[in-house]
2 protein chains.
Amino acid sequence: MKRNTWQREAVRDALDGTEGFISAQALHSALHASGSPIGLATVYRALGDLAASGDADCLQSPEGEAIYRACSTGHHHHLICRNCGLTVEIAADEVETWAQRVAAEQGFTAPAHVVDVFGLCAECSRQAAEGAPA
Amino acid sequence: MKRNTWQREAVRDALDGTEGFISAQALHSALHASGSPIGLATVYRALGDLAASGDADCLQSPEGEAIYRACSTGHHHHLICRNCGLTVEIAADEVETWAQRVAAEQGFTAPAHVVDVFGLCAECSRQAAEGAPA
DNA sequence: CATGGTTTTGACAATCATTATCAATAACGC
DNA sequence: GCGTTATTGATAATGATTGTCAAAACCATG
């Protein structure tokens, strides 16, 4: 049987209250910072459960960490600066449509998708342009 | 100065001769299997260099490993069955264009993107339809 | 409310990929 | 061939994630 513990709720709430993606470690830190004595392993387990039950999406950050996002809270994507971490929310109607179409074409159902764009934000691009050339 | 070593060539060749994506570990194993005494750290370094110089693309596998691909072999995305793991390669010209456009609109440069569609493949959809209902 | 059967938790060890270290080696210009 | 210096590779270190297992919490029941 699946039991309801405050820990699981805490993780779910924390994830719901988070804008974009967050790593398990970061979520654990955030919970600790807000006074929760929740264990790290438990956060991993709770996130895994949420992902398995479809309440959260999981993908790999460019740094190799698993990052999670609440699945129900409105759907949008992110444009993330790989240097400073700046995150811009982007609507992606075209991509929604596209994703459903390609899924359907292959006979796939229950399509979900992970679409995120990484790049260098204007600021970091400028800095890179200044520093990089010989 | 950048020196030319047989190790680097071996990694480049091995990557060129590989169909899709391959992890650093797997590439190292493959090289060893074909008699190369190349070291693991060197494979990581060579792959990192290739990625840095744009000769290879790098992304994170769902299992959390970094996987690499020779850059010339066309860019595509994946449609992944969340139940059986079946993976279908999908072309996504629209999405490529879209990603670059939204990145540019926000002043972002060097856009890369993570686009993967998860769903239930035809087979698993059918099984789910049979098994799930009470 | 106390009890019991299970699930869940959490501290810690174990694992796995990746990166850093650093002496020895090999490549390249001369 | 020589010397300089980037590169290699064995190993240790790091960091995220998962496994372990006794103790605690949850929930239905008496």
query = Does a side-chain N or O from T5(A) land closer than 4.0 Å to OP1 or OP2 of dT9(C), or not?
reply = yes
ask   = According to a strict under-4.0 Å criterion, is Q7(B) in side-chain N/O contact with OP1 or OP2 of dG9(D)?
value = yes
note = Of K2(B) and A41(B), the one whose closest nucleotide on DNA chain C sits nearer the 5' end is A41(B)
Can you check the [X] [atom1] to [N] [atom2] distance for me, whole Å?
X	N	atom1	atom2	answer
E65(B)	dT19(C)	CD	C1'	16 Å
H28(B)	dT19(C)	NE2	C1'	15 Å
L50(B)	dT7(D)	CG	C1'	15 Å
W6(B)	dT8(D)	CH2	C1'	9 Å
L47(B)	dA17(C)	CG	C1'	13 Å
I38(A)	dA25(D)	CD1	P	14 Å
H32(B)	dA10(D)	NE2	P	7 Å
R8(A)	dG10(C)	CZ	P	11 Å

In terms of side-chain heavy atoms of [X], which of [options] is nearest?
X	options	answer
R45(B)	dT9(C), dT21(C), dG19(D)	dT21(C)
L40(B)	dG10(C), dT17(D), dT18(C)	dT18(C)
Y44(B)	dG10(C), dT18(C), dC27(D)	dT18(C)

request  = Report which part of the nucleic acid Q25(B) touches: base, sugar-phosphate, or nothing (heavy-atom distance under 4.0 Å, all strands).
outcome  = base
Atom [atom1] in [X], atom [atom2] in [Y]: separation rounded to 0.5 Å?
X	Y	atom1	atom2	answer
T18(A)	D13(A)	OG1	CG	10.0 Å
R45(A)	L50(A)	CZ	CG	13.5 Å
Q100(B)	F108(B)	CD	CZ	14.5 Å
R8(A)	I38(A)	CZ	CD1	10.0 Å
H32(B)	L40(B)	NE2	CG	8.5 Å

message = Can you tell me whether the side chain of R3(B) and the base of dG29(C) have a donor-acceptor pair closer than 3.5 Å?
response = no
